[in-house]
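Accompanying notes for the structure given below.
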2 protein chains.
Amino acid sequence: MPYGDAMNARVRSEERRAEIVRAALEVIAERGYRGASLAAVAERVGLTQQGLLHHFPTKDALLVAVLQERDQWDALPTTRWRMDLLASLVEYNAMRPAIIQTFSALLGESVTEGHPARAYFTERYTRVRASMAEVLRAQYGDRLPNGLTPERTAPLLVAVMDGLQYQWLLDPESVDMPEAFRDFLRLLGED
Amino acid sequence: MPYGDAMNARVRSEERRAEIVRAALEVIAERGYRGASLAAVAERVGLTQQGLLHHFPTKDALLVAVLQERDQWDALPTTRWRMDLLASLVEYNAMRPAIIQTFSALLGESVTEGHPARAYFTERYTRVRASMAEVLRAQYGDRLPNGLTPERTAPLLVAVMDGLQYQWLLDPESVDMPEAFRDFLRLLGED
DNA sequence: TCCGTTACCTGTAGACCGGTAGGTTTTGTT
DNA sequence: AACAAAACCTACCGGTCTACAGGTAACGGA
């Protein structure tokens, strides 16, 4: 069964890579990208640092894989999103602090000079703003109830999501992220 | 002139410390706190790394001084702020990307485990939310035009400011931070 | 003028870091 | 059974990091 076995080998290899990426997500959440050592990631999957470098030749290559997984994760349903689903998304995020923490830490680092994730986030935000504007337009048309255009509202929507995440990560007991986000949506539509 | 000379010595020392803090702000803006080496900060003020450690015994002590300066910077006028001054503040920030970048980078790092600035930011946000609620109450009373309370609106106000900063730092040409913030204020009050 | 303090310096310890070189075991193919 | 490739290891290199130890020169007060 040549095809089957070749497949198994490739599948196993990709599973290993996925394991490593998952571990990298954790370590980055705990220490940021600069603070995340390859050795720490490797240890978490039962490898030596050099064993890890067999699967990802450089640290940056590992980061790329981490960012790609994120893309894959939230790229699929964007066109089918609606306003009410955004609130659900925030609620879902509130149950996954590790992931949120990883990408909040990465976003913070990415504004520094020459950070390997900088281009990624720049492009991602351009994309996300456009996507959000589309969602807003589908819901409200060219003019929101408060007179703003979808294009001018989208950056605010994204800013609220990100900003609330930081406040929530720092002090989950004081900030009810999903509720606050629903408040913002109400601000957009119900006047 | 014993008093005068003693004063001069102390003043000169504090000037040196202030120089170092200023340099640290720059380096942190460029590389984050974890990425900022004492040697890089020292070089910027014409010292060796060990010479710098004479003024700040540890790296964390230097960070504390950086954070204290920030406190001093924005703690004074909080009680006298009004809504319209917030927009001016954002405009002012838009002319000082270095400072914004420093504290955006620090905020991002601070959500990671055991980060030396974590407690600072947690407390700061508690304080800032309360302060913003106060400003909102002074402007609108206990109910905003859209029905929300000042306490529930404050986190949104803070989130928008922070979130817009990240988008703006990553892509200043695509995001008009002051305009977007004014849009948000309009969202709060003019319905 | 003497003397203590402040402001630096050189030297170095000790720990991690990412990455390379090259060998060895495991695994799948033929 | 033979072989090739993939997976993973040990050993190591050069670099960087914070911090400590100890010395020196300048300065200001008595």
Side-chain angles (χ1 to χ4, degrees), chain A residues 1-24 27-28 30-66 109 112-117, chain B residues 1-24 27-28 30-66 109 112-117:
Chain A
M1 210 189 268
Y3 266 15
D5 285 13
M7 205 59 126
N8 281 343
R10 220 177 63 195
V11 164
R12 221 174 315 137
S13 176
E14 298 217 350
E15 263 173 21
R16 202 73 164 123
R17 284 174 55 100
E19 260 185 84
I20 294 170
V21 168
R22 236 174 292 136
V27 176
I28 292 173
E30 290 166 16
R31 323 255 310 159
Y33 175 68
R34 280 201 173 94
S37 72
L38 293 176
V41 176
E43 191 196 17
R44 211 162 288 216
V45 291
L47 279 180
T48 61
Q49 176 235 9
Q50 295 84 346
L52 188 152
L53 283 174
H54 171 73
H55 295 277
F56 298 94
T58 67
K59 192 183 177 185
D60 279 13
L62 177 55
L63 177 61
V64 166
V66 166
E109 277 182 273
T112 61
E113 275 173 24
H115 194 280
Chain B
M1 211 189 266
Y3 266 14
D5 285 13
M7 204 59 125
N8 281 344
R10 220 177 64 196
V11 164
R12 221 174 314 138
S13 176
E14 298 217 349
E15 262 173 22
R16 201 73 163 124
R17 284 174 56 100
E19 260 185 82
I20 294 170
V21 168
R22 235 174 293 136
V27 176
I28 292 172
E30 290 166 16
R31 322 255 309 157
Y33 175 68
R34 278 201 174 93
S37 73
L38 294 176
V41 177
E43 191 197 16
R44 212 161 289 215
V45 292
L47 279 180
T48 62
Q49 176 242 359
Q50 294 86 342
L52 188 153
L53 282 175
H54 170 73
H55 294 278
F56 298 94
T58 68
K59 192 183 176 183
D60 279 13
L62 177 55
L63 178 61
V64 166
V66 166
E109 276 182 274
T112 61
E113 275 173 25
H115 193 280

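If you're wondering where the values come from, they're calculated on a predicted model, not measured in any experiment. All chains are named by letter (A, B, ...) in the order of the sequence lines, taking the proteins before the strands, and each is independently numbered beginning at 1.
A donor-acceptor pair shorter than 3.5 Å can be found between the side chains of B/T112 and B/R34.
Applying a 4.0 Å cut-off to non-hydrogen atoms, none of the residues of residues 33-42 of chain A approaches DNA chain D.
Taken to the nearest 0.5 Å, the CD atom of B/E15 stands 12.0 Å off from the CD1 atom of B/I20. Considering CG of A/L47 and CD of A/E19, their distance stands at 8.0 Å, rounded to 0.5 Å. Rounded to the nearest 0.5 angstrom, B/E113 CD and A/R31 CZ are separated by 8.5 Å.
Residues forming a salt bridge (charged side-chain N to carboxylate O under 4.0 Å, His left out) with A/E43 (at least two apart in sequence, or on another chain): none. Remark: A/Q50 engages A/T48 in a side chain to side chain contact (heavy atoms under 4.5 Å, CB included) (not counting sequence neighbours).
Under a 4.0 Å N-O distance rule, the pair B/E30/B/R44 qualifies as a salt bridge.
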Next on the checklist: Under the criterion side chain to side chain contact (heavy atoms under 4.5 Å, CB included), I'd like the reasoning laid out for B/F56 against B/L63: C-alpha separation, chi angles, the key distance, then a yes or no.
Outcome noted: CA-CA 9 Å; B/F56 298 94; B/L63 178 61; over 6 Å; no
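Rounded to an integer number of Å, the gap from A/R17 CZ to D/dC8 C1' is 16 Å. Counting to the nearest Å, the P atom of C/dT20 and the NZ atom of A/K59 are 15 Å from each other. When rounded to the nearest whole Å, the span between CZ of A/R31 and C1' of C/dC17 equals 12 Å. Put simply, CD on B/E43 is 13 Å from P on D/dT18, counting in whole angstrom units. Atom-to-atom, CG of A/L53 to P of D/dA11 comes out at 18 Å; the value is rounded to the nearest Å.
Axis angle between the ends of the helix from C/dT1-D/dA30 to C/dT30-D/dA1, five pairs each and rounded to 10 degrees, works out to 10°.
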Can you give me the N/O atom pairs linking the protein to nucleotides 5-10 of chain C at distances under 3.5 Å, or say none if there are none?
residue, atom, partner, partner atom, Å
C/dA7, OP1, B/S13, OG, 3.1
C/dA7, OP2, B/H54, NE2, 3.3
C/dC8, OP2, B/R16, NE, 3.1
C/dC8, OP2, B/H55, NE2, 3.1
C/dC9, OP2, B/T48, N, 3.0
C/dC9, OP2, B/T48, OG1, 2.6

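In plain terms, the two heavy atoms of A/A24 and A/V41 that are nearest each other are N-CG1, 3.8 Å.
Residue pairs meeting the side-chain hydrogen bond (donor to acceptor under 3.5 Å, both in side chains) criterion with at least one member in residues 52-65 of chain A, sequence neighbours excluded, are A/Y33-A/D60.
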